[in-house]
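Everything numeric here is computed off the predicted structure, so don't read it as measured data.
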Amino acid sequence: MQKLVKTFLLLFLVGIGSTQYVIAKVKMNEQQAPIVKQLKQQGILPQKVYFQYEVIPALNNKYSFPNENLYSLVSDLETHPDMYNLAIQNISQVKLNENYQYSDVLQRSRNIIEIIYPTDSFQALDDGVYFYTLDENKQLQPKESFNEVYKLPCYLRVEKKHGIVVSIQKRPLAAISHYKYDYWSNNSLKYLKIEMLDSNNNIIYDSEIFFNDNGKMVKAIRKNIKTGQYSIENIIHQDDIYSIEEYYNNLDIKTNRVTNYENTSRVKNEVLNKNGKVIKTNSAEPEIFDFDKDLDEPYPYNKLVMNVEKSNALLTDSMFEQGISDNPKYDEEALKRAKYLGIKPKQVYYHKLPFPSFIAERYKNYPHQAPLTLIEAENQSPQEKYSDLIKVEIDNNYQYKKIDKTKWQQAAISLPSAQLKSLENGIHFFVINNKGQLMPLNSVEEAIVQPTYVRVEKVMGKIVSTLQKTRVQWLTTEFDYKKNSPIRSKLTVIESHVVPKLVIESEYESGQYLPVSQVIKNAQGNIIRTYKTVKKKNIIAILERFDEQGVKTNHIEISKQRDIENQYLDNKEHVRFTTSDIQDKEHPQLYDELPFNPDGFEMMLFEHFKK
């Protein structure tokens, strides 16, 4: 279950002192009465089981009434449109009391994950939606309807349109939440118990919330069933204090006392020794349960490989966030994905667009898009002003060894029809000589080595496209690895309208997105910029700048507080003057503010070119 979906629930479960909700008092006869009237008109009855999409726990009476439609059949929610925005399926089984307020809610939340899976088994199916489970031998077991699978730890959903399998998803349970309500005689909230369950319906966390007869929260007891840790929060509203929460270990020894303040996220966490005395204070609230962790996927579903191209960004981002650190689970899945796509070590191929940027849109340097031929890749974005052509070489570890990127400016061009009349249907390539005449090229391979070429496409005897393409940028990046983690990269600027030829060498540490050291060399091989992270007293990084002959001009130190000392040097490296500005006041360059990752530098170059 993703963080965005959990936010409201987590605030309630772990205490809402740090984020106050200002909720106006709502009289029953102003808002709740119309809701009850509508429910009755729909034939909704107390104590009968209904289904609702996404129920959030009630903080007061306003939320104790259904705010979404109730359905008699769970199958009515299978295609609820909201689930695809967040890649989460939230289906709640609900009961209402005699006053049409929630009395019992059991909510199952599932991740919606597109997977890479052979389509052979589904070729004979008609168009429609189908449900399957996998047995322990990974064999498909068809199910008659959604009713058979919606309670299971995981299931597969297959959709077919126009004879083509358009979606294969696994839908594992991410969280199971059980809410039980009780009310005062005036129908205000009195008590709420929240239980979180595992896939076998064992309770792993519970929270008891107590309210006064006005429906205001006064106390909360929360417990991690597995570890035995628990907390007791008393809401006091004294001075600027919202609540005091005390934490205990599984031996009932108090470990922390936390003060939550009114209308602010500020907290004071007093860490206690076994005698109850404060040994230190900080502003980090203790955690007794990891609400961000999804339930474990059961075997064999946990061996199925995510289709990164088709899955929701909220799911893929959690994978990309692993950075370049060692992660056997994601490494294994990325390797399976590459093999399934037919990618092999030492293979050279052209890449699908858009190319996923380093770390932010890909896991390490593993490919997750199928290879293209040159003719397939050359015209992927014919309507755009700029077009990329990307060639990659795969290393022995199935990650990119070399990435070759050329960017082309392209525009429609008028050509004399007489020169094109004799062309056969298909794609043809030309260059224009000094006399303005079209000179044919034998292949697309010949075309892309030209600085400028013309692409003509003829379909059913008619010219449908004439484009002139001019290369405006050409960069290559090569990577070295330790095990499966990138440790070095070498970016070479071969062509650019913005900077002369450069070589940027970078080194990375496990888990770090930006390089820990970086060196820039000019076309003559002279070092002109360096960056290095350091652990030296109060200094975290040192940058040095050199002129084109390799003579040092600046020594820059960045402190832990992000203060800058920029020393300008003479040719004997004596300090001429010092500033607190990292920018070079005398000879500013685009590449002055190191460090940057390879894709970041490429984007920076292109943005300056477009200006």
- Item | Residue pairs, two or more places apart or on separate chains, that pass salt bridge (charged side-chain N to carboxylate O under 4.0 Å, His left out) and touch residues 181-196 |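 Sorted result for residues 181-196: Lys180-Glu195, Lys193-Asp206.
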- Task: Could you name each residue pair satisfying salt bridge (charged side-chain N to carboxylate O under 4.0 Å, His left out) that touches residues 82-92, not counting sequence neighbours?
- Result: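 The answer is none; no pair qualifies.
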Taking ring-ring contact (aromatic ring centres under 6.0 Å, His included) as the definition, give me every residue that meets it alongside [X], ordered by chain and number, with sequence neighbours left out.
| X | answer |
| --- | --- |
| Tyr481 | none |
| His80 | Tyr53 |
| Tyr191 | Phe210 |
| Tyr230 | Tyr248 |

- Item | side-chain hydrogen bond (donor to acceptor under 3.5 Å, both in side chains) assessment of Asn224 paired with Gln229 | CA-CA 5 Å; Asn224 183 323; Gln229 295 171 287; 4.8 Å; no
Does [X] reach the main-chain N or O of [Y] with its side chain, forming a donor-acceptor pair under 3.5 Å?
| X | Y | value |
| --- | --- | --- |
| Asp198 | Ile204 | no |
| Ser559 | Gln561 | yes |
| Gln141 | Asp135 | no |

- Taking all atoms of both residues into account, what is the closest heavy-atom pair of Tyr366 and Tyr398, and its distance?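 For Tyr366 versus Tyr398, the nearest heavy atoms are CD2-O, 3.8 Å.
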- Do you know the tightest heavy-atom contact between Met83 and Ile88?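 Minimum heavy-atom contact is CB-O, 2.8 Å.
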[atom1]/[X]: more than 12 non-hydrogen atoms of other groups inside 6.0 Å:
| X | atom1 | value |
| --- | --- | --- |
| Lys352 | NZ | no |
| Gln42 | CD | yes |
| Glu144 | CD | no |
| Glu136 | CD | no |

Output all residues satisfying salt bridge (Lys or Arg N to Asp or Glu O under 4.0 Å) with [X], sequence neighbours left out; order by chain, then residue number.
| X | result |
| --- | --- |
| Glu78 | Arg157, Arg171 |
| Asp317 | none |
| Lys336 | Glu332 |
| Lys151 | none |

- Task: Establish, yes or no, whether a centroid distance under 6.0 Å links the rings of Phe146 and Phe131.
- Result: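 Centroid distance Phe146-Phe131: below 6.0 Å, so yes.
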- Message: Quick check: Tyr400 with Phe355 (ring centres under 6.0 Å apart)?
- Response: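 Yes.
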- Query: Going by atom types only, do Tyr363 and Asp331 share a side-chain donor-acceptor pair under 3.5 Å?
  - Reply: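 Indeed, the side chains of Tyr363 and Asp331 share at least one donor-acceptor pair under 3.5 Å.
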- Message: Quick one, Glu262 and Asp239 - any side-chain contact, counting heavy atoms below 4.5 Å?
- Response: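 With C-beta onward as the side chain, the pair stays apart.
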- Under the side-chain hydrogen bond (donor to acceptor under 3.5 Å, both in side chains) rule, what do Gln107 and Ser92 come out as? Steps first, then yes or no, please. CA-CA 4 Å; Gln107 180 164 268; Ser92 295; 2.7 Å; yes
- Query: Residues two or more places apart in sequence or in another chain: which of them pass side-chain hydrogen bond (donor to acceptor under 3.5 Å, both in side chains) with Glu333?
  - Reply: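 So Glu333 forms a side-chain hydrogen bond (donor to acceptor under 3.5 Å, both in side chains) with Arg337.
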Which donor-acceptor pairs under 3.5 Å do the side chains of residues 269-278 make with protein atoms, sequence neighbours left out?
residue: Asn269; atom: OD1; partner: Asn256; partner atom: ND2; Å: 3.1
residue: Asn269; atom: ND2; partner: Asn282; partner atom: OD1; Å: 3.1
residue: Asn269; atom: ND2; partner: Ala284; partner atom: O; Å: 2.8
residue: Glu270; atom: OE1; partner: Arg257; partner atom: NE; Å: 2.9
residue: Glu270; atom: OE1; partner: Arg257; partner atom: NH2; Å: 3.2
residue: Asn273; atom: OD1; partner: Asn275; partner atom: N; Å: 2.9
residue: Asn273; atom: OD1; partner: Gly276; partner atom: N; Å: 3.0
residue: Asn273; atom: OD1; partner: Lys277; partner atom: N; Å: 2.9

